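Have a look at the structure below before the remarks.
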Protein chains: 2
Amino acid sequence: MPDPSARSMRGKVSRLIGIIIPDLTNPFFSELVQSAEQAAARHGYNIIVMTSFDHAAKEADRIGQLTSRKVDGIILVPSNDFHTLKLPKGLPIVIVDRLLPGYSGIAADHRSGVRLGVEHLVKLGHRRIGFISGPKDSVPANDRLKGYLDAMELACDGEQNAAPLIAEAAFDYESGRSAGNYLLARARHERPTAIFASSDQQAIGCMRAAHDLGIPIPAALSIVGFDGIPLASMTTPRLTTVKQPIQEIAAAAVAVLLSKQDAPGLGKPLLLGCEISEGETTSSPQPD
Amino acid sequence: MPDPSARSMRGKVSRLIGIIIPDLTNPFFSELVQSAEQAAARHGYNIIVMTSFDHAAKEADRIGQLTSRKVDGIILVPSNDFHTLKLPKGLPIVIVDRLLPGYSGIAADHRSGVRLGVEHLVKLGHRRIGFISGPKDSVPANDRLKGYLDAMELACDGEQNAAPLIAEAAFDYESGRSAGNYLLARARHERPTAIFASSDQQAIGCMRAAHDLGIPIPAALSIVGFDGIPLASMTTPRLTTVKQPIQEIAAAAVAVLLSKQDAPGLGKPLLLGCEISEGETTSSPQPD
DNA sequence: TTGTAGGCGTTATCAT
DNA sequence: ATGATAACGCCTACAA
């Protein structure tokens with residue numbers, strides 16, 4: 001069998017793809033890596049994983065390593081702690097999930113996905129719908145917020161009481177919990193009858209907050225999450241959530257790299273649709 | 001900067017380590033991979049990840065790929081669906097977590113870890129302690145079972161009522177849930193006052209079963225899990241669990257590979273200690 | 001001490 | 001068509 005090192009020295013192909021993610025412990029990213037590995041394997045490619053821990057300096061270092069390794073392309077989920085990302089030209093990089101303004105990339109359509117979830121709640125009869133948003137400086141977080149506002153504006157059409165109720169938070173469990181506490185700490189007739197959380201982990205934290213306040217789910221509060229991680233189906237009750245098309249994202253990223261095109265549509269991101277995964281945390285609102 | 005392909009052709013070192021795991025979606029394995037990546041990075045090594053999906057044929061294929069890639073070593077979590085594992089000699093492989101009888105390897109000390117957890121329950125006053133075991137053909141599952149039996153025998157010393165209550169199950173959430181239902185479906189004075197589950201996912205499934213049966217945790221039932229995955233601290237109430245030393249396992253595996261020794265202690269596995277992570281699912285038993 | 005040649009395994013190209 | 005050869009970049013070993 002041929003020696004890949006020799007081939008890659010002679011020709012210009014290493015059949016190696018690098019993937020840089022902020023944190024492999026995050027189930028969203030581990031599923032992304034796994035899907036990328038499968039997609040790459042289908043083309044005879046292997047994957048080198050690296051973690052940036054959301055640290056821009058580490059990220060730059062990893063890009064350098066992969067470059068000198070002569071990988072054929074890099075799948076990059078940029079660190080949050082972003083600054084100017086200097087891309088080594090000549091090496092195709094596809095940015096995934098956390099799109100950077102001005103760059104092209106591939107991601108779920110967060111905005112329409114959230115809208116889907118909120119509209120699900122609206123259809124059930126909810127009007128006072130709270131929203132736990134992500135960090136202000138995160139592009140996907142802002143897209144999700146827009147989806148919420150889109151849906152609320154539509155629901156508002158002709159009705160007064162669909163004012164937005166927003167709590168800003170990080171994406172993790174603890175932040176979701178305190179955001180939930182904040183949204184729910186008011187009299188019953190002012191309190192939201194449903195909450196949409198920008199991540200499943202937030203949603204689960206919010207479930208905890210509701211539980212601690214003695215608010216039964218879904219009887220007195222409906223909750224919808226976002227992401228569709230395996231964890232969502234392990235809660236009690238099972239979380240209703242908006243599932244991101246992780247496999248499709250990974251497959252598209254690999255396809256772009258192997259087609260040697262720098263980007264899908266030249267600076268225009270490719271957005272893939274989400275779908276609702278119904279759990280047990282949503283029902284019609286009880287009359288006050 | 002040097003070209004790794006050239007170096008690896010000239011010398012015999014690729015500074016690449018392969019890691020083969022059954023499923024990256026399993027939080028235990030994703031943490032293992034992340035830890036391995038960090039440990040390897042400290043030595044200037046990079047990691048190629050591959051997934052076997054617990055399929056022996058795929059596993060063999062991945063080993064072949066890594067061999068021809070000239071990786072300097074392989075970290076292998078063997079697929080469950082094991083058969084004879086033919087190791088390409090000359091290429092150091094370290095078996096991790098799921099030790100194979102006859103091979104050396106590195107893993108948590110499951111037996112003493114479980115004993116630790118069960119003894120925690122005994123100290124709280126529990127005697128009717130149920131155990132959700134893993135699949136019969138899994139080596140770690142059997143080690144965990146032994147740890148339970150060890151602890152129960154000790155607790156039994158001079159007391160009659162510490163008869164083992166065992167339910168066999170797979171390691172996942174659903175199996176833990178049905179095992180929990182099985183153990184709890186009896187009159188209160190016969191029902192266990194505490195359950196030790198062989199995995200956190202089982203434990204969380206079991207919490208769900210208890211919840212569905214109207215059994216409050218920890219008031220009427222204490223639960224302890226095993227693994228220490230992040231998920232354990234996101235349940236309501238937070239799961240008490242026995243944490244595996246994942247980072248240490250990964251670091252040791254990398255160290256073994258880089259030291260070019262085939263194994264720690266020649267056929268004798270290296271076992272690393274676990275520790276208890278206290279949550280909110282344990283308390284002293286209520287009098288019947 | 002400093003410098004240079006050879007060979008690792010491929011594959012592309014060129015010559016027979 | 002088939003086979004020989006050079007070049008990819010680095011490292012080691014040997015020579016000046």
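In this text the structure is predicted, and so the values were computed from the model without any measurement. Convention: sequence-line order gives letters A, B, ...; per-chain numbering from 1.
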Take the C1' atoms of the five end pairs on each side of the helix from C:dT1-D:dA16 to C:dT16-D:dA1, get both axes, and report the angle to 10 degrees.
60°
Side chains of A:Pro22 and A:Ser79: closer than 4.5 Å at any heavy-atom pair?
no
Taking the side chain as every heavy atom from C-beta outward, state whether A:Gln202 and A:Phe226 have any atom pair closer than 4.5 Å.
no
Determine the contact category for B:Arg10: base if any of its heavy atoms lies under 4.0 Å from a base atom, sugar-phosphate if only primed atoms, P, OP1 or OP2 are that close, otherwise nothing.
base
Which nucleotide of DNA chain C is the first, and which the last, in the 5' to 3' direction, to come under 4.0 Å of a heavy atom belonging to chain B?
C:dG6 to C:dG9
Any side-chain to backbone donor/acceptor pair from A:Arg144 onto A:Val114? Under 3.5 Å, distance only.
no
Answer yes or no: is there a donor N or O on one side and an acceptor on the other, between the side chain of B:Asp97 and the main chain of B:Ala108, under 3.5 Å?
no
Taking atom CD as the centre, does B:Glu168 end up with more than 12 heavy-atom neighbours from other residues, nucleotides or ligands that are less than 6.0 angstrom away?
yes
Using the side-chain hydrogen bond (donor to acceptor under 3.5 Å, both in side chains) criterion, which residues pair with A:Ser8? Sequence neighbours excluded.
B:Ser5
Mind checking which nucleotides bracket the chain A contacts on DNA chain D, 5' to 3', with an atom under 4.0 Å from a heavy atom?
D:dA7 to D:dG9
So which pairs with a foot in residues 248-258 of chain A pass salt bridge (charged side-chain N to carboxylate O under 4.0 Å, His left out), sequence neighbours left out?
none
Do B:Leu99 and B:Leu271 have side-chain heavy atoms sitting under 4.5 Å apart?
yes
Taking side chain to side chain donor-acceptor pair (under 3.5 Å) as the cut-off, I'd like each qualifying pair that reaches into residues 18-29 of chain B, sequence neighbours left out, listed once.
A:Gln34-B:Asp23
Does some side-chain heavy atom of A:Val71 sit less than 4.5 Å from a side-chain heavy atom of A:Ile17?
no
